[in-house]
Amino acid sequence: MMSSAQQTGWWQRLSAYFNNGQHTLMMAAYAVITVALVEYILFHRYLPAERFYPVIVLLSLLLALNAVWDSLQLRWGDVVANRLFFGLSSLIFLVVNYLGLDEGWTFLPFILFVVGSQAIIGLGIWPGLLLSLLL
């Protein structure tokens, strides 16, 4: 049985983790990208293999990139890590948009929302908005 002090410490650590907007957006990104990946696999099998499989790999890479963003920031600093993260995220988004877009693909606006939101948190309002507009 946990003491009251242990429960409070656990809850405070969890609350502190999610008070950072980047961590909250990362959790939303995991959910959105995972749903997009599953939806794409289930409902877009009719696409040619040269379009279908690269989109799966790229969405998986985007999910992995989100998982290592914190580590990149700790290792290389915020500026370098954010530039790498948003450069790769933007490139992945554009290629997925080009290869995976068809009349049934509906998750791209949600992925754009996630990338744009993360850009505002990671780069600041004006650079984040500019990146969102460019995408």
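Predicted, not measured: the structure shown is a model, and the values here were computed from it.
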Keeping Arg51 on the side-chain end and Gly100 on the backbone end, is there a donor-acceptor pair under 3.5 Å? no
Between Asn97 (side chain only) and Phe93 (backbone N and O only), is there a donor and an acceptor less than 3.5 Å apart? no
Grouping I, L, V, M, F, W and Y whenever their side-chain heavy atoms are under 4.5 Å apart, do [X] and [Y] come out in a common cluster?
| X | Y | result |
| --- | --- | --- |
| Leu42 | Leu58 | no |
| Val55 | Val95 | yes |
| Trp76 | Leu123 | yes |
| Val96 | Tyr53 | yes |
| Phe85 | Tyr30 | yes |

Taking all atoms of both residues into account, what is the closest heavy-atom pair of [X] and [Y], and its distance?
| X | Y | value |
| --- | --- | --- |
| Ile33 | Leu59 | CG2-O, 3.5 Å |
| Ser132 | Gly116 | OG-CA, 3.1 Å |
| Pro54 | Ala49 | CD-O, 3.5 Å |

Just grab all the side-chain hydrogen bond (donor to acceptor under 3.5 Å, both in side chains) pairs involving residues 84-94, residues at least two apart or on different chains. none
Starting from the C-alpha separation in whole Å, work towards a yes-or-no answer on ring pair (Phe, Tyr, Trp, His ring centres under 6.0 Å) for Trp69 and Phe86. CA-CA 10 Å; Trp69 187 15; Phe86 293 112; 5.4 Å; yes
Residues 60-68 side chain polar contacts: donor-acceptor under 3.5 Å, at least two apart:
from  : atom 1 : to     : atom 2 : distance (Å)
Ser60 : OG     : Ile56  : O      : 2.9
Asn66 : OD1    : Gln118 : NE2    : 2.6
Asn66 : ND2    : Leu62  : O      : 2.9

Check ring-ring contact (aromatic ring centres under 6.0 Å, His included) between Phe52 and all other residues, then give those that pass, not counting sequence neighbours. Tyr40
Between atom CG of Leu88 and atom CZ of Arg83, what is the distance when rounded to the nearest 0.5 Å? 14.0 Å
Does CG in Leu134 sit with more than 12 non-hydrogen atoms of other residues, nucleotides or ligands closer than 6.0 Å? yes
